[in-house]
Amino acid sequence: MQPIRVNPDRFLADLHTLRAFGASGVGKGVCRPAYSDADIASRDWLAERMREAGLEVQIDPMGSVFGLAPGRSILLGSHSDSQPEGGWLDGALGVIAALEVARAAKEAGGPAVSVVSFQDEEGRFGVTTGSAVWGGALAEAKAAQQPDRDGITLDDARAAMGARLGDWVDPQRFIGFLEMHIEQGPVLDGTKEAVGVVEAIVGIRDMVIRFDGQQNHAGTTPMHLRQDAFQALSRFNQRLNDRFVDIVTPQTVWTIGHVALHPNAHSIVPGSVKFSMQWRDASVERLAEMEQVIRATAQEVADEMSLEVGFGDLLGIEPVDMDPDLHTALARAAETQFPGNWRKMPSGALHDASNVARLMPAAMLFVPSIKGISHDFAEDTCEADLVGGLKVLAEAVQSLG
């Protein structure tokens, strides 16, 4: 078995080709939501590239695309769907890096490397949906009925994949999982360090909350008599921020990211508002305490303003520590490639590795994000950093073989 020698030009060419599927026309932006035409076309292209690399293609019932090496292998990959306004590297980097390492490993005579692009990591229908179902964190039947924000269910959307969908891949054929990803934060870019070896991935909780008041005329309804749903949201947000001060750590984050106001008109007091509430932390206990505060605060605001409040299903994934052996392999590879110029770090973003860790040992590698920007058309990473991360990944795979 020869040393694994990746081909940076081949790697970057494929990464740019994948970007063309759903290219936004704004910088390097991409719009490739799960099960969209662009997403399905990109999966067809990925499947063909996997076949060219000598891998057997299998697409599971969720639409995740696997390129399988014969026998037992290490699994590499990420996801290739995007946010509604996403960048060209989020997920895609890990998929194409996996493909390049698989090709280079085969050219070197081993070790055996398989590749995966999970479906709906970005959560059009939930939270890391494709890997959550495969990993056993979410029942397929429940996932199938989850709607997107337009009310389309996953089951209806995935019908567009037609006969491409096949059987589940047996996780027992893999010895472990490595996921390379952009950091999606400012740490590595700020320190000018080459890579980050992830120690743990935070847990996440996500649910939809609804306030229902009374729609009314904006000119004739006195302020003290209004049951204004938007004012309820405003009061809830301010009060929640104040109450979290004594609970959270500097690493804890929470976000109201999607708001649907009804009837959303200039001259009407809003009668209802539905909004997303998401929070992340590395502590299960803290996540649960935050949930109690969220529910109590929403109910308190509703009672004060004579509104009704409703809570949707609580979705989420537990915090996950990375496998020590795989973490060590990545750390040693980082030191070999970039002596003294890398760090161990947590992941504040959720990743497919969280779900895959339920099935097998898993670990992650980060490369810098310019200005820490992600989930935006402006997302980018210097190509030299992309190639540097690829070499660390290949070095780690070599040591595990």
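Computed from a prediction, not measured in an experiment: that's the story for all the values here.
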Discussion item. Between Arg226 and Gln231, is there a side-chain heavy-atom distance shorter than 4.5 Å?
Written reply: no

Closer than 4.0 angstrom, basic N to acidic O: yes or no for [X] and [Y]?
| X | Y | answer |
| --- | --- | --- |
| Arg239 | Glu304 | yes |
| Asp39 | Arg32 | no |
| Arg164 | Asp44 | yes |
| Asp189 | Lys371 | no |
| Arg286 | Glu289 | no |
| Glu318 | Arg358 | no |
| Lys106 | Glu100 | no |
| Lys344 | Glu199 | no |
| Glu291 | Arg295 | yes |
| Asp14 | Arg49 | yes |

Within the 3.5 Å criterion, strictly below it, is a donor on [X] or [Y] matched to an acceptor on the partner's side chain?
| X | Y | result |
| --- | --- | --- |
| Arg158 | Gln119 | no |
| Gln278 | Ser276 | no |
| Thr252 | Arg280 | no |
| Gln227 | Ser306 | no |
| Gln184 | Asp90 | yes |
| Asn355 | Thr128 | yes |
| Asp281 | Trp254 | no |
| Glu379 | Ser374 | yes |

Response to the item:
Of Phe366, Phe177, Phe118, the one forming a ring pair (Phe, Tyr, Trp, His ring centres under 6.0 Å) with His351 is Phe366

Would you name the heavy atoms of [X] and [Y] that are closest together and state the gap between them?
| X | Y | answer |
| --- | --- | --- |
| Ala160 | Tyr35 | CB-O, 4.4 Å |
| Pro270 | Pro263 | CA-CD, 4.3 Å |
| Val195 | Gly389 | CG1-CA, 4.1 Å |
| Pro346 | Val198 | C-CG1, 4.5 Å |
| Leu330 | Met364 | CD1-O, 3.5 Å |
| His181 | His79 | NE2-NE2, 3.9 Å |

Worksheet item: Is the Phe275 to Phe236 ring centre distance short of 6.0 Å?
Response: yes

Discussion item. Can you confirm if the aromatic rings of Phe66 and Trp134 lie within a centre distance of less than 6.0 Å?
Written reply: yes

Main chain of [Y], side chain of [X]: is a donor-acceptor contact present, judged purely on distance under 3.5 Å?
| X | Y | result |
| --- | --- | --- |
| Arg173 | Leu68 | no |
| Glu122 | Ala34 | no |
| Thr255 | Gly257 | no |
| Trp88 | His16 | no |
| Ser36 | Pro33 | yes |
| Ser73 | Ala69 | no |

Discussion item. Using 0.5 Å steps for rounding, measure from the CG atom of Leu76 to the CD1 atom of Ile96.
Written reply: 12.5 Å

Worksheet entry | CG-CD1 distance between Asp206 and Ile204, expressed to the nearest 0.5 angstrom | 6.0 Å

Worksheet item: Taking everything shown except Asp167 itself, do over 12 heavy atoms lie less than 6.0 Å from its CG?
Response: no

Discussion item. Using the rule given for side chain to side chain donor-acceptor pair (under 3.5 Å), can you reason through Thr153 versus Asp156, listing the C-alpha separation, both sets of side-chain angles and the distance that settles it, and then say yes or no?
Written reply: CA-CA 5 Å; Thr153 66; Asp156 287 339; 3.2 Å; yes

Worksheet, complete the sentence: Per side chain to side chain contact (heavy atoms under 4.5 Å, CB included), Phe230 is matched among Leu261, Val273, Val269 by Leu261

